Amino acid sequence: MCRNPRSLFEDKFLMYADIRVRFAPSNTGHLHIGGARTALFNWFFAKHHAGTAILRIEDTDRQRSTEEYYDAILAAFDWLGLEWDEGPYRQSRRMDLYKEAADKLLSSGAAYRCTCTPDEVNAMRERARAEGKTPKYDGTCRDRYDKDPNVPFCLRLRAPDVGKAIVDDILTGEVVFENSQLDDMVIVRTDGTPTYNFCVAIDDIDMKITHVIRGNDHLSNTPKQLLVYQALEETSPKFAHISMILGSDKKRLSKRHGADSILDYKERGFLPEALINYLVRLGWSHGDQEIFSKEEIVENFALENLNKSAAVFNPEKLLWLNQEYIKSADGDFLVESLDAGLRAQGLSPDVLTHKSREGIVDELRTRSSTLTEMIDGARFFFENEVDFDEKAASKFLTSENSGLMLKLRNELSKIDMFSSENVKSAFHRVMEEEAVKLGKLAQPVRVAITGGTISPGIFETLSLLGKDRSLHRLDAALARVNQ
RNA sequence: GGCCCCUUCGUCUAGCGGUCAGGACACCGGCCUCUCACGCCGGUAACAGGGGUUCGAGUCCCCUAGGGGUCACCA
């Protein structure tokens, strides 16, 4: 098919003009990995097209919705650094809108009052199932005009018995559903509250949503919502049903697979930029590029590049990405994180200068895949007494090594400027005198200074710890040997 | 079970009829080295299966299998 460039341009212009998308979680739980990814896709799609990103909280389930989760969801977005252009809207505050729409549908005849009890409806479904038919409401109340107004009723939307409902999905293409499979869905419950599939459609119409980007699990809901659009004579938005995230067992991601809440990742020392990068790359790609700044994602994001198949959540790769971000993170940010982490553990960052702490995070950034790891790795600098790893201590803090250590201690004590260069020179003087290799000297010293066998380079470590604290620790270790 | 969606290395993916099927994580070697990391170099590893269409198929069509989703007066 040959089209001229102009019409192509107009097409595209029409499609992407005044883009409005929404992310619509319910506040019945924390913002989790899957939800966050959906939110991200919506947000980046909007930003890429200079459109509007809307946050809407679906809190029509009065039983399960809580204010705590509402706050937690906002806090999660706050941490991620995602700002919404509109909202948060709350469905619980928009009841008049749904009522109005329901009345309209009732008076147009698209909806009807149903006085069947839930038990009766269940019985219908059982019967249909037993007969091998699609379990659904049988339409008993569709044409019952002699209703007793005192009998409680709910509102149902009349679904066509024949024909097809076609969902035109940006990712999947046309998905065809037989109308005969569709139920006369309840749009207003007996207690007068509107239902999910109804509110969603009404809100999307009211908010002039142009693109609905949501999880694949909503694909089968879509024909139901389409019915609401039809009944109201509204045009439907475009849909993009994105793949889901699976756990390593290929099952739906859940609490079993580790931290589920976004805020948990904050607690575990992840950087929001890394999480965003990882989540967006899960199902989306741009050539071979792995690391994207937010700006780069905005620039390159396109729904067309989304993968249709489900993706398995891979914690190792997230860890790797997080370390990449830590490696290139701003030094002041890392020092602040370190300080906060130390204080949380009852340690005082101020025993070392800000400059020293800068040096410490620089040494640790290539050794930490999370901020938590970085803080753990820095602990020994700030503790007053070295916490010895017994195995390391008994191997290296021996009388055999004490002579070497004492010699080094004395060399170190002569240094004025306790720079890593000068510390290195001291080491070399001892090594030459005693004719030993660096490894022979460095490991005992490392254990004496850090309590264990793992740390940044020994010269840097000593220099960063400072002369007084270093000599003190060496003395303490020597005392321990001589015990 | 009905309906719907999906299927390239273990994992995330590139690929948009002609590629030695590329990259990344993980893994395994090597180099660097005071430990641990970082870094650098190299390696193992995939088109679910079967039919078509085509000169030619990972790419298009059909079937099978497997995985997932959904079938509420929950969202």
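Letters A, B, ... mirror the listed sequences (proteins, then strands); counts begin at 1. None of the values given here were measured: they were computed from a predicted structure. Side-chain atoms are counted along with the backbone in the values below, which use heavy atoms only and exclude waters and symmetry mates.
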Tell me: CD of A:Q181 to P of B:G2, nearest whole Å? 11 Å

I'd like the P distance from B:G23 over to B:C62, given in whole Å. 33 Å

Could you measure between the two C1' atoms, the one in B:G68 and the one in B:A26, and give it in whole Å? 25 Å

Between P of B:C5 and CZ of A:F239, the distance in whole Å: 16 Å

Return yes if the base of B:G23 and the side-chain atoms of A:Q289 contain a donor-acceptor N/O pair under 3.5 Å, otherwise no. no

Whole angstroms only, please: what is the CG-P distance between A:L219 and B:G68? 17 Å

Using atom CG of A:D249 as one end and atom P of B:U11 as the other, report the distance to the nearest whole Å. 13 Å

If you measure from the Lys or Arg side-chain nitrogens to the Asp or Glu carboxylate oxygens, is any gap between A:E100 and A:K104 under 4.0 Å? no

P gap between B:C41 and B:A46, integer Å: 24 Å

Can you tell me how far C1' of B:C12 sits from CG of A:L306, to the nearest Å? 14 Å

Could you check how far CG of A:N277 sits from C1' of B:C12, rounded to whole Å? 12 Å

Please report the C-alpha distance between A:D168 and A:K238 in whole Å, then the side-chain angles of each, then the deciding distance to 0.1 Å, and finally whether the salt bridge (Lys or Arg N to Asp or Glu O under 4.0 Å) criterion is met. CA-CA 7 Å; A:D168 190 10; A:K238 293 181 186 303; 5.8 Å; no

Side chain A:S220 and base B:C4 donor-acceptor under 3.5 Å: no

Sugar-phosphate, base or nothing in reach of A:R365, heavy atoms under 4.0 Å: nothing

Please name the nucleotide paired to B:C60 by Watson-Crick or G-U wobble geometry with both distances under 3.5 Å, or report none. B:G52

P atoms of B:C6 and B:A14, separation to the nearest Å: 15 Å

A:Y196 and A:D61: side chain donor to acceptor below 3.5 Å: no

Checking base pairs now: Watson-Crick or wobble, both atom distances under 3.5 Å. What partners B:C32? none

Check ion pair A:K294-A:E273 (N to O, under 4.0 angstrom): no

Counting the atoms with a prime plus P, OP1 and OP2 as sugar-phosphate, which does A:E58 contact under 4.0 Å by heavy atoms, base, sugar-phosphate, or nothing? sugar-phosphate

Touch class at under 4.0 angstrom, heavy-atom based, for A:N221 against every strand present: base

Could you tell me how far B:U44 sits from B:C27 if I compare only their C1' atoms? Round to whole Å. 9 Å

Sugar-phosphate, base or nothing in reach of A:G283, heavy atoms under 4.0 Å: sugar-phosphate

Comparing A:V175 and A:D61 on RNA chain B - which has the more 5′ nearest nucleotide: A:V175

Please state how far atom CG in A:L31 lies from atom C1' in B:A75, giving the value in whole angstrom units. 15 Å

Using a 4.0 Å heavy-atom cut-off across all strands, classify A:V176 as base, sugar-phosphate, or nothing. sugar-phosphate

Establish whether the base of B:A26 is bridged to the side chain of A:K317 by a donor-acceptor pair shorter than 3.5 Å. no

Are A:S285 and B:A14 close enough that a side-chain N or O sits under 4.0 Å from OP1 or OP2? yes

Partner of A:F292 by ring-ring contact (aromatic ring centres under 6.0 Å, His included), out of A:F301, A:W284, A:Y278: A:W284

Does the structure place the NZ or CZ of A:R214 under 6.0 Å from the centre of the six-membered ring of A:F239, at an angle of no more than 45° from the ring's axis? no

Check the distance between B:A24's P and A:H286's NE2 and give it to me in whole angstrom. 17 Å

Just to be sure I understand the rule, does A:S243 reach a base, reach only the sugar-phosphate, or reach nothing, if contact means heavy atoms closer than 4.0 Å? nothing

Phosphate OP1/OP2 of B:C73 contacted by A:R156 side-chain N/O (<4.0 Å): yes

Treating primed atoms plus P, OP1 and OP2 as sugar-phosphate and everything else as base, which nucleotides of nucleotides 29-38 of chain B get B, S or - for protein heavy atoms under 4.0 Å? -----BBBBS

Any N or O donor-acceptor pair linking the side chain of A:D183 to the base of B:A72 at under 3.5 Å? no

Pair assignment for B:C3, Watson-Crick or G-U wobble, requiring both distances under 3.5 Å: B:G69

Verify whether one side chain among A:D59 and A:S92 offers a donor that lies under 3.5 Å from an acceptor in the other. yes

Is A:E390 salt-bridged to A:R480, going by a charged N under 4.0 Å from an acidic O? yes

For A:F153 and A:N305, find the nucleotide of RNA chain B closest to each by heavy atoms; which residue's nucleotide sits nearer the 5' end? A:N305

State the syn/anti category of B:C38 according to its glycosidic angle, syn meaning within 90° of 0. syn

Pairwise C1' distance, B:U13 and B:A21 [rounded to whole Å]: 13 Å

Should the pair A:K440-A:E400 be classified as a salt bridge under the 4.0 Å nitrogen-to-oxygen rule? yes

How far, in whole Å, is B:A57 from B:C47 if one measures between their C1' atoms? 11 Å

Reckon A:T190 touches a base, only the sugar-phosphate, or nothing at all at heavy-atom distances under 4.0 Å? base

Base B:G69 paired with A:N216 side chain (donor-acceptor, <3.5 Å): no

Is any side-chain N of the basic residue among A:D362 and A:K327 closer than 4.0 Å to the acidic one's carboxylate O? no

